[in-house]
Amino acid sequence: MQPRVYPRNPALKVLAFLAALLLWTGWTDRAAAEVILNHSLCHAVSETLSADSASPPPFSCIGDPQGYQRGSLWLRTNVDTYPVDPRNLVLLVHHSRFDRLKVSFTYADGRSLSQEVNSGNFGSHWRTGGQIAFEAPLRDARLLSITMRFDRLASANLLRMRMMTRGEANVQATALSISVAAALTLLLIGALYNTTLAFSLRRQFPLWQAAWAGCMLVWGTMWSQLHLFILPGLAGAVSAQTCTALSCLAVTMAAFSAVMALDRQVLPEPMRRITLTLAAAVAILGIPLTFMRQGPIETMAAVLGALILGVLIGVALCLGWAWRRGSVEARTFAGAWSLPMLALGSVQFVDTNTIFWGGGSQLLVLFAAAWQTLWLAAAASRTHARLRIEHDRARRAEAQAHELARRDPLTGLRNRRGFVEAAAPMFDVNRSGASPLALLLLDIDKFKRINDTHGHDAGDMVLVTIGNRIARWEGDMCKVARLGGEEFALMVAGMDGFALHRFAQSVRKGIAECNHAEAIGEGPVTVSIGVAEATPDSDFRELYRHADEALYSAKHEGRDRVVFYRAENAGHEAGDNPPIHAA
């Protein structure tokens, strides 16, 4: 593929602009009034679920919390230690694998105000980008601390929390919503387009891409929590677990689509099998990780990350190997996979969770998926266009061959086969009684003498000149042909009686006026014409036989004349003043 073609795609232009905006704003928002709360919190653990009125156990500000997955995890921070206005504060939480989250804001007057969400009911606290927002109540007393209580939290190490002002939180939420909506829209377009392309081309390649785009579309919708507009009861752990399954399935489908699209002849079988096995292992490992609410979740996640890196390396090796062997599909997939590979690879080594307005690595992966889908859609479009062009060329060539098979190569007029096919509709009209029909057979007089005296090349020149003159009568009501040798034919509709006689004479005179000086010198070349009029029951064979009998009579009676076929099988000469035609 030629990379220079793709920027012409409007969708890719939009995606490139949004990606540039995402990167610029994602890095510059670090300068905003924002505080990242990760491991700077004091913690306490209740190994069993505590009553709502229970006080937290003693807090510890060192080490990591343990034994909280079946009970409650308490996290506390003093607001005074951070450069955020406590009177205008919003707490954002980016992890939802828990049964319940209760946030308590404690003020200088000793009063504590609480807000909480439950798995399946986030109320008005959810925000786009997988965030849960808790705004500190406005009070005259100064806010001192924030305490969070997580019931049955899956993993404390996967928690991400931020504090910022309300205005900054609103700006970031708007920017994140626009970015997510744009990426999901592009994924939807790509999924629909690739599905349509798969059915129109009857190929698996775009169908795999449609499945990948559809999977990423559902994942992005659930991760961003936009589905809560319609299904608010899915808030929390159910959505988080579903996203884990979808992400693993998406990686597997993407790898399968890339490897299986490559020809087996350009790819070593061991490399192919290892990559597909690693891709399948991602989906298999994602199943237990999806349902895990306790246990070594971080360890399983690390193993899954290593498998994904293995899949990326395997796909990269497959594409590189196939590219060197001249595979067009490899070049296409290399461009499509470049950004997703960088995105998936970078999140394994670089902490992207604190950028992109809180969207973190998920937003980066979402845009990378949109990029891949649109790139492959553009590539498929080019392939489809090329196939259409080749198909159209083949159809034109077939039509030309079909036409040439029905044309006389010397004069360009129809041959006998083409003449019969062109005259068939005229017979149908004649049978309905809507229009009379007649066949004129023309034979060049003494043509053998021309060949014997001047040579066959001169004879061919005479045939071409007469053919050009006869071609002038070609139209909707008259079909002309060279039936072979020196014999020509005209099938005429809409004329009978006097009009047909006049037309036949005009044909005879027009041919006699042709100039053959270049071929045979001065002197006219005349034709004899036999005319037969069709009856409602006539077919081509019968009409031709009658016209041939009339032509024979014209030759026998002296040539250079028109003779009409009579029903009693007697030819009759038609002079300049034709007689009344006998039925």
Side-chain angles (χ1 to χ4, degrees), residues 408 411 413-416 419-420 423 426-427 430 435-452 459 462-463 465-467 469-470 472-473 477-514 516 523-583:
D408 170 46
T411 63
L413 300 178
R414 292 184 183 85
N415 56 21
R416 185 184 184 91
F419 185 63
V420 173
M426 303 172 76
F427 277 94
N430 174 256
S435 176
L437 186 66
L439 174 63
L440 282 68
L441 285 185
L442 291 68
D443 190 85
I444 301 176
D445 296 331
K446 301 179 180 179
F447 184 72
K448 184 177 183 301
R449 182 183 299 177
I450 295 175
N451 282 334
D452 293 342
V462 170
L463 290 173
T465 301
I466 293 178
R469 177 58 63 92
I470 291 176
R472 297 180 182 181
W473 288 291
M477 306 298 289
C478 182
K479 306 299 178 184
V480 302
R482 179 192 175 199
L483 300 184
E486 64 271 24
E487 187 176 81
F488 296 82
L490 293 86
M491 187 72 73
V492 183
M495 287 189 289
D496 59 1
F498 180 78
L500 183 60
H501 283 78
R502 292 293 299 270
F503 176 74
Q505 288 294 343
S506 68
V507 171
R508 181 184 65 81
K509 292 178 180 180
I511 293 176
E513 293 171 356
C514 290
H516 303 283
V525 176
T526 62
V527 295
S528 299
I529 302 177
V531 183
E533 295 183 85
T535 65
D537 297 329
S538 297
D539 57 17
F540 181 84
R541 182 176 299 180
E542 178 186 5
L543 192 62
Y544 178 85
R545 187 177 69 252
H546 293 168
D548 188 57
E549 290 180 11
L551 176 61
Y552 177 80
S553 297
K555 289 284 190 180
H556 183 72
E557 295 176 11
R559 300 182 178 86
D560 190 21
R561 64 193 62 216
V562 176
V563 173
F564 279 71
Y565 173 79
R566 298 291 185 178
E568 60 273 15
N569 295 327
H572 182 85
E573 179 182 345
D576 289 339
N577 296 315
I580 299 175
H581 177 62

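Looking at T526, its side chain never comes within 3.5 Å of a backbone N or O of A512 through a donor-acceptor pair. Side-chain N or O atoms of T465 include none that pairs as donor or acceptor with a backbone N or O of H516 at under 3.5 Å.
The two residues V531 and A504 make their nearest non-hydrogen contact at CG2-CB, 4.2 Å. When every heavy atom of I511 is checked against every heavy atom of L442, the shortest pair comes out as CD1-CD2, 3.2 Å. Nearest heavy atoms, A423 versus M491: CB-CE, 3.9 Å. M495 and P436 get closest at one heavy-atom pair: N-CG, 3.7 Å. In this structure, N451 and G459 approach most closely via the heavy-atom pair OD1-CA, 3.4 Å. Nearest heavy atom pair, residue A438 against residue L500, reads CB-CD2, 3.6 Å.
W473 and F503 have perpendicular rings, their planes meeting at more than 60° on a 0 to 90° scale where under 30° would count as parallel. By the 30° and 60° cut-offs, the orientation of the rings of F427 relative to F540 is perpendicular.
Residues Y565 and E533 fail the side-chain proximity criterion, which asks for heavy atoms closer than 4.5 Å. Two residues are said to be in side-chain contact when any heavy atoms from C-beta on lie closer than 4.5 Å; R416 and Y544 meet this criterion.
Residues meeting the salt bridge (Lys or Arg N to Asp or Glu O under 4.0 Å) test with D548, sequence neighbours left out: none. For K446, the salt bridge (Lys or Arg N to Asp or Glu O under 4.0 Å) criterion is met by no residue, not counting sequence neighbours.
Look at K555 and D445 and you find a salt bridge, because one of the NZ, NE, NH1 or NH2 atoms lies within 4.0 Å of a carboxylate O, short of that distance.
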